[in-house]
Amino acid sequence: QVQLVESGGGSVQAGGSLRLSCAASGYTYSSLCMGWFRQSPGKEREGVATLCTSSGGVNYADSVKGRFTISQHRTKNTLYLQMDSLKPEDTAVYYCAARPADGLQFVLPRAANFNYWGRGTQVTVSS
């Protein structure tokens with residue numbers, strides 16, 4: 001089991017920045033791959049970025065490359081998503097996800113690749 005708790009969502013104007021955090025706890029796996037996903041009303045859940053904590057391997061969706069940065073604080077077991085140059089189309093509920101690394105160097109940002117999910121945090125970008 002992995003418990004994930006997101007924080008840091010909120011409302012911002014277009015062009016602004018937000019940083020999301022995801023605290024992971026309750027697991028016994030030696031290492032995890034973690035990711036950020038988002039979902040807006042009427043749309044499927046979309047992968048944003050992933051990071052494998054042991055290898056440091058990252059992967060980004062094309063829609064956020066150059067604007068979003070995924071990172072980790074290993075000792076705090078916390079995953080971050082720094083979001084810059086935000087656009088109205090970034091508005092969504094953002095979810096943190098995790099899975100055992102199982103030797104993976106990186107993992108594609110697809111929902112089916114992850115076992116554990118947080119409850120989400122709302123990000124709203126106004127024009």
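Just so it is clear, the model here is predicted, and its values are computed rather than measured.
Between L81 and T69 there is no side-chain heavy-atom pair separated by less than 4.5 Å. A 4.5 Å side-chain heavy-atom check between S7 and T121 finds every atom pair outside the cut-off. Within the 4.5 Å cutoff, the side chain of Y80 has no heavy atoms near those of the I70 side chain. Between L32 and Y116, the closest side-chain pair of non-hydrogen atoms is not below 4.5 Å. Between E46 and S63 there is a side-chain heavy-atom pair separated by less than 4.5 Å.
A donor atom on one side chain and an acceptor atom on the other are found under 3.5 Å apart for Y27 and N77. A side-chain N or O of D84 and one of S17 form a donor-acceptor pair less than 3.5 Å apart.
For S31, the side-chain contact (heavy atoms from CB on, under 4.5 Å) criterion is met by T53, S54, A101, not counting sequence neighbours. Among residues two or more places apart in sequence or in another chain, the ring pair (Phe, Tyr, Trp, His ring centres under 6.0 Å) test is passed with F37 by F114, W117. Remark: E6 engages no residue in a salt bridge (charged side-chain N to carboxylate O under 4.0 Å, His left out) (not counting sequence neighbours). Residues passing the side-chain hydrogen bond (donor to acceptor under 3.5 Å, both in side chains) test with Y95: none are found, sequence neighbours excluded.
Nearest heavy atom pair, residue N115 against residue P100, reads OD1-CD, 3.4 Å. Here the shortest heavy-atom pairing between L18 and G10 reads CD1-O, 3.9 Å. The heavy-atom pair separating Q122 from A92 by the smallest distance is NE2-O, 3.4 Å. What you find for Q13 and V125 is that their closest heavy atoms are C-CG1, 4.0 Å.
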What do the steps show when you test M34 against L4 for side chain to side chain contact (heavy atoms under 4.5 Å, CB included), and what is the final call? CA-CA 10 Å; M34 300 180 71; L4 302 169; 3.9 Å; yes
Audit row: V123, T91, side chain to side chain contact (heavy atoms under 4.5 Å, CB included) steps and yes/no: CA-CA 5 Å; V123 171; T91 295; 5.9 Å; no
Pair Y29-V2, side chain to side chain contact (heavy atoms under 4.5 Å, CB included): steps then yes or no: CA-CA 9 Å; Y29 303 112; V2 183; 3.8 Å; yes
Using the side chain to side chain contact (heavy atoms under 4.5 Å, CB included) rule, take Q105 and C52 through it: C-alpha gap first, then chi angles, then the decisive distance, then the call. CA-CA 6 Å; Q105 300 298 301; C52 288; over 6 Å; no
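Put simply, the side chain of T50 never gets that close to the backbone of G35: no donor and acceptor are under 3.5 Å apart. In this structure a side-chain-to-backbone donor-acceptor pair under 3.5 Å is missing from Y60 to R67.
Distance check, rounded to the nearest 0.5 Å: CZ of R38 to CG of D90 gives 4.5 Å. The distance from the OG atom of S127 to the CD atom of E89 is 10.0 Å, given to the nearest 0.5 Å.
A salt bridge links D62 to K65: one of the charged nitrogens lies within less than 4.0 Å of a carboxylate oxygen.
Under a hydrophobic-cluster definition in which Ile, Leu, Val, Met, Phe, Trp and Tyr are linked whenever side-chain heavy atoms come within less than 4.5 Å, directly or via other members, V12 and V93 are assigned to different clusters. Neither V107 nor L51 shares a network with the other; the hydrophobic side chains, linked directly or stepwise wherever heavy atoms of I, L, V, M, F, W or Y lie under 4.5 Å apart, form separate groups for each.
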Which pairs would a plain distance check flag for residues 19-26, meaning a side-chain donor or acceptor within less than 3.5 Å of a matching protein atom at least two apart in sequence or in another chain?
none

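Taking a 4.5 Å side-chain heavy-atom cut-off between Ile, Leu, Val, Met, Phe, Trp and Tyr, the cluster of F106 extends to L108.
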